[in-house]
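Below: one structure, written as C-alpha coordinates.
Sequence positions, counted from 1, serve as the residue numbers for this chain.
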Amino acid sequence: MAPVGPRSGDAIFANVERVNAELFTLTYGAIVRQLLTDLEEVEEVNKQLDQMGYNIGIRLIDEFLAKSNVSRCVDFKETAEVIAKVGFKMFLGVTASVTNWDADGTCCSIVLEDNPLVDFVELPDTCQGLYYCNILSGVIRGALEMVSMKTEVTWAKDMLRGDDVFELQVKLLKQVPEEYPYKDDE
(Lines give C-alpha, C1' and ligand atoms only; values in the text may rest on other atoms or scores of the structure.)
Protein backbone atom coordinates (compact mmCIF):
# COMPACT_ATOMS: atom_id res chain seq x y z
CA MET A 1 0.00 0.00 0.00
CA ALA A 2 1.26 3.48 -0.83
CA PRO A 3 2.31 5.81 1.99
CA VAL A 4 -0.62 8.20 2.21
CA GLY A 5 -0.36 9.82 5.64
CA PRO A 6 0.09 13.54 6.01
CA ARG A 7 3.65 13.03 7.24
CA SER A 8 4.74 11.63 3.86
CA GLY A 9 3.43 14.73 2.08
CA ASP A 10 5.01 16.98 4.73
CA ALA A 11 8.35 15.18 4.48
CA ILE A 12 8.41 15.50 0.70
CA PHE A 13 7.36 19.16 0.84
CA ALA A 14 10.20 19.88 3.28
CA ASN A 15 12.76 18.49 0.82
CA VAL A 16 11.39 19.90 -2.44
CA GLU A 17 12.99 22.94 -4.01
CA ARG A 18 10.50 25.83 -3.84
CA VAL A 19 9.95 29.20 -5.46
CA ASN A 20 8.58 32.25 -3.70
CA ALA A 21 4.82 31.74 -3.26
CA GLU A 22 3.96 35.33 -4.14
CA LEU A 23 6.08 35.20 -7.29
CA PHE A 24 4.36 31.96 -8.30
CA THR A 25 0.88 33.35 -7.60
CA LEU A 26 1.49 36.62 -9.43
CA THR A 27 3.10 34.87 -12.41
CA TYR A 28 0.11 32.56 -12.72
CA GLY A 29 -2.20 35.58 -12.50
CA ALA A 30 -0.26 37.28 -15.29
CA ILE A 31 -0.66 34.19 -17.48
CA VAL A 32 -4.42 34.10 -16.89
CA ARG A 33 -4.69 37.84 -17.57
CA GLN A 34 -2.75 37.49 -20.83
CA LEU A 35 -4.98 34.61 -21.93
CA LEU A 36 -8.05 36.76 -21.24
CA THR A 37 -6.56 39.53 -23.35
CA ASP A 38 -5.51 37.24 -26.21
CA LEU A 39 -8.50 34.91 -26.40
CA GLU A 40 -11.24 37.34 -25.28
CA GLU A 41 -13.80 34.52 -24.67
CA VAL A 42 -13.83 33.21 -21.09
CA GLU A 43 -14.76 29.67 -22.23
CA GLU A 44 -11.72 29.61 -24.53
CA VAL A 45 -9.52 30.69 -21.60
CA ASN A 46 -10.98 27.83 -19.52
CA LYS A 47 -10.11 25.36 -22.31
CA GLN A 48 -6.60 26.78 -22.68
CA LEU A 49 -5.91 26.62 -18.91
CA ASP A 50 -7.10 23.01 -18.88
CA GLN A 51 -4.86 22.15 -21.84
CA MET A 52 -1.88 23.89 -20.23
CA GLY A 53 -2.52 21.93 -17.05
CA TYR A 54 -2.81 18.68 -18.99
CA ASN A 55 0.57 19.31 -20.62
CA ILE A 56 2.09 20.04 -17.20
CA GLY A 57 0.46 16.96 -15.65
CA ILE A 58 1.86 14.51 -18.20
CA ARG A 59 5.35 15.71 -17.25
CA LEU A 60 4.80 16.36 -13.55
CA ILE A 61 3.85 12.74 -12.85
CA ASP A 62 7.45 11.68 -13.53
CA GLU A 63 8.78 14.06 -10.90
CA PHE A 64 6.07 13.02 -8.48
CA LEU A 65 6.83 9.32 -8.84
CA ALA A 66 10.59 9.87 -8.62
CA LYS A 67 10.53 12.06 -5.52
CA SER A 68 7.61 10.62 -3.57
CA ASN A 69 8.60 6.93 -3.62
CA VAL A 70 4.91 6.09 -3.70
CA SER A 71 4.27 2.52 -4.75
CA ARG A 72 1.65 1.59 -7.33
CA CYS A 73 -1.86 2.38 -6.08
CA VAL A 74 -4.23 -0.57 -6.02
CA ASP A 75 -7.39 1.32 -7.00
CA PHE A 76 -8.85 4.70 -7.86
CA LYS A 77 -9.72 5.44 -4.22
CA GLU A 78 -6.12 5.06 -3.13
CA THR A 79 -4.96 7.13 -6.12
CA ALA A 80 -7.28 9.99 -5.14
CA GLU A 81 -5.97 9.91 -1.55
CA VAL A 82 -2.36 10.05 -2.76
CA ILE A 83 -3.16 13.02 -5.01
CA ALA A 84 -4.88 14.86 -2.15
CA LYS A 85 -2.43 14.10 0.66
CA VAL A 86 0.91 13.84 -1.15
CA GLY A 87 0.58 15.47 -4.58
CA PHE A 88 -1.06 18.72 -3.48
CA LYS A 89 1.32 19.00 -0.51
CA MET A 90 4.37 18.31 -2.67
CA PHE A 91 3.62 20.85 -5.39
CA LEU A 92 1.36 23.49 -3.77
CA GLY A 93 2.13 23.12 -0.07
CA VAL A 94 -1.51 22.40 0.82
CA THR A 95 -3.34 19.24 1.80
CA ALA A 96 -6.68 18.36 0.30
CA SER A 97 -9.36 15.92 1.41
CA VAL A 98 -11.24 13.34 -0.64
CA THR A 99 -15.01 13.17 -0.14
CA ASN A 100 -18.32 12.41 -1.87
CA TRP A 101 -17.50 8.98 -3.28
CA ASP A 102 -20.14 7.43 -5.50
CA ALA A 103 -21.31 3.84 -4.94
CA ASP A 104 -19.02 2.46 -7.67
CA GLY A 105 -15.90 4.15 -6.29
CA THR A 106 -15.28 5.86 -9.64
CA CYS A 107 -16.21 9.45 -8.79
CA CYS A 108 -15.12 11.65 -5.90
CA SER A 109 -14.47 15.22 -4.87
CA ILE A 110 -11.08 16.62 -3.94
CA VAL A 111 -11.66 19.54 -1.58
CA LEU A 112 -9.11 22.31 -1.03
CA GLU A 113 -9.67 24.60 1.95
CA ASP A 114 -6.71 26.73 0.86
CA ASN A 115 -5.49 27.42 -2.66
CA PRO A 116 -2.30 29.43 -3.13
CA LEU A 117 -3.17 30.21 -6.77
CA VAL A 118 -5.95 32.58 -5.71
CA ASP A 119 -4.07 34.83 -3.30
CA PHE A 120 -4.63 38.45 -4.40
CA VAL A 121 -7.40 37.44 -6.88
CA GLU A 122 -10.85 38.91 -7.37
CA LEU A 123 -12.79 38.09 -10.50
CA PRO A 124 -14.38 41.07 -12.25
CA ASP A 125 -18.00 40.81 -13.40
CA THR A 126 -16.84 40.26 -16.99
CA CYS A 127 -15.07 37.04 -15.94
CA GLN A 128 -17.76 35.29 -13.92
CA GLY A 129 -17.62 32.20 -16.18
CA LEU A 130 -13.87 31.84 -15.67
CA TYR A 131 -12.54 28.85 -13.78
CA TYR A 132 -9.42 30.66 -12.64
CA CYS A 133 -7.70 27.51 -11.34
CA ASN A 134 -8.69 25.31 -14.28
CA ILE A 135 -5.02 24.52 -14.77
CA LEU A 136 -5.30 22.21 -11.72
CA SER A 137 -8.01 20.10 -13.34
CA GLY A 138 -5.78 19.68 -16.39
CA VAL A 139 -2.78 18.73 -14.26
CA ILE A 140 -4.75 15.99 -12.51
CA ARG A 141 -6.23 14.72 -15.78
CA GLY A 142 -2.82 14.63 -17.50
CA ALA A 143 -1.03 12.97 -14.59
CA LEU A 144 -3.69 10.30 -14.22
CA GLU A 145 -3.66 9.58 -17.93
CA MET A 146 0.06 8.83 -17.68
CA VAL A 147 -0.70 6.16 -15.06
CA SER A 148 -3.38 4.56 -17.25
CA MET A 149 -6.47 6.29 -15.86
CA LYS A 150 -8.72 8.20 -18.25
CA THR A 151 -10.58 10.78 -16.17
CA GLU A 152 -12.85 13.77 -16.36
CA VAL A 153 -11.99 16.56 -13.91
CA THR A 154 -14.35 19.50 -13.36
CA TRP A 155 -14.86 22.24 -10.80
CA ALA A 156 -17.86 21.69 -8.53
CA LYS A 157 -17.21 24.62 -6.16
CA ASP A 158 -14.99 27.67 -6.40
CA MET A 159 -14.37 30.22 -3.63
CA LEU A 160 -13.87 32.92 -6.27
CA ARG A 161 -17.51 32.34 -7.19
CA GLY A 162 -18.74 32.60 -3.60
CA ASP A 163 -18.52 28.96 -2.48
CA ASP A 164 -17.00 28.00 0.87
CA VAL A 165 -14.26 25.71 -0.58
CA PHE A 166 -12.55 24.74 -3.81
CA GLU A 167 -13.90 21.37 -4.93
CA LEU A 168 -12.75 19.37 -7.92
CA GLN A 169 -14.90 16.47 -9.08
CA VAL A 170 -12.77 13.63 -10.44
CA LYS A 171 -14.52 10.90 -12.39
CA LEU A 172 -12.74 7.76 -13.59
CA LEU A 173 -13.94 7.10 -17.14
CA LYS A 174 -11.85 3.99 -17.75
CA GLN A 175 -8.76 2.17 -16.59
CA VAL A 176 -6.53 1.87 -19.66
CA PRO A 177 -4.57 -1.39 -19.81
CA GLU A 178 -0.82 -0.88 -19.99
CA GLU A 179 0.70 -1.55 -23.39
CA TYR A 180 4.26 -2.62 -23.82
CA PRO A 181 6.18 -1.44 -26.90
CA TYR A 182 7.55 -4.90 -27.76
CA LYS A 183 7.05 -8.56 -26.93
CA ASP A 184 9.66 -10.40 -24.89
CA ASP A 185 9.22 -13.71 -26.74
CA GLU A 186 10.33 -12.48 -30.15
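- By the ring-ring contact (aromatic ring centres under 6.0 Å, His included) test, Tyr132 pairs with Tyr28, sequence neighbours left out.
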Exercise. Given Met52 and Gln48, is the side-chain contact (heavy atoms from CB on, under 4.5 Å) satisfied, shown in steps?
Worked result: CA-CA 6 Å; Met52 289 169 64; Gln48 187 65 33; 3.9 Å; yes

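- The pair Arg141-Asp50 meets the salt-bridge criterion, since a charged nitrogen lies less than 4.0 angstrom from a carboxylate oxygen.
- Residues satisfying the side chain to side chain contact (heavy atoms under 4.5 Å, CB included) criterion with Gln128, sequence neighbours excluded, are Leu123, Asp125.
- Nearest heavy atoms, Ala156 versus Asp163: O-OD2, 4.4 Å.
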Give every donor-acceptor pair under 3.5 Å between a side-chain atom in residues 110-118 and any protein atom, sequence neighbours left out.
residue: Asn115; atom: OD1; partner: Leu117; partner atom: N; Å: 3.0

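- Taking CD of Glu78 as the start and CZ of Arg72 as the end, the distance is 11.0 Å to the nearest 0.5 Å.
- By the side chain to side chain contact (heavy atoms under 4.5 Å, CB included) test, Met149 pairs with Phe76, Thr79, Leu144, Thr151, Leu172, Gln175, sequence neighbours left out.
- Tested against Phe91 for a side chain to side chain contact (heavy atoms under 4.5 Å, CB included), the candidates Leu60, Ile56, Val139 yield a single pass: Leu60.
- With sequence neighbours excluded, the residues forming a side chain to side chain contact (heavy atoms under 4.5 Å, CB included) with Asn46 are Val42, Glu43, Leu130, Tyr131, Asn134, listed by chain and number.
- Applying the salt bridge (charged side-chain N to carboxylate O under 4.0 Å, His left out) criterion to Asp158, with sequence neighbours excluded, gives no partner residue.
- For the residue pair Val86 and Ser68, the shortest heavy atom distance occurs at CG1-CB, 4.2 Å.
- Here the side chains of Phe64 and Val82 are in contact, with some heavy-atom distance below 4.5 Å.
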For this session: In sequence, state the C-alpha distance, the side-chain angles, and the governing distance for Phe88 and Ile83, and then conclude on side-chain contact (heavy atoms from CB on, under 4.5 Å).
Result: CA-CA 6 Å; Phe88 274 100; Ile83 290 168; 3.8 Å; yes

For this session: Could you check Leu39 against Lys47 for side-chain contact (heavy atoms from CB on, under 4.5 Å), going step by step and ending with a plain yes or no?
Result: CA-CA 11 Å; Leu39 300 176; Lys47 288 178 187 173; over 6 Å; no

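- Interatomic distance, Cys133 SG to Leu160 CG, rounded to the nearest 0.5 Å: 6.0 Å.
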Which donor-acceptor pairs under 3.5 Å do the side chains of residues 31-38 make with protein atoms, sequence neighbours left out?
residue: Gln34; atom: NE2; partner: Asp38; partner atom: OD1; Å: 2.9
residue: Gln34; atom: NE2; partner: Asp38; partner atom: OD2; Å: 3.4
residue: Thr37; atom: OG1; partner: Arg33; partner atom: O; Å: 3.0

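- Note that the CD atom of Glu152 and the CG atom of Leu173 stand 5.5 Å from one another [nearest 0.5 Å].
- In this structure Lys77 satisfies the side chain to side chain contact (heavy atoms under 4.5 Å, CB included) test together with Asp75, Trp101, sequence neighbours excluded.
- To the nearest 0.5 Å, atoms CD (Glu81) and SG (Cys108) are separated by 8.5 Å.
- Looking at every heavy atom in both residues, Ile61 comes nearest to Met146 through CG2-CB, 3.6 Å.
- For the side chain to side chain donor-acceptor pair (under 3.5 Å) test with Ser109, the passing option among Lys157, Glu167, Gln169 is Glu167; the others fail.
- Of all heavy-atom pairs spanning Lys85 and Lys89, the tightest one is O-CB, 3.5 Å.
- Residues meeting the side chain to side chain donor-acceptor pair (under 3.5 Å) test with Tyr54, sequence neighbours left out: Glu145.
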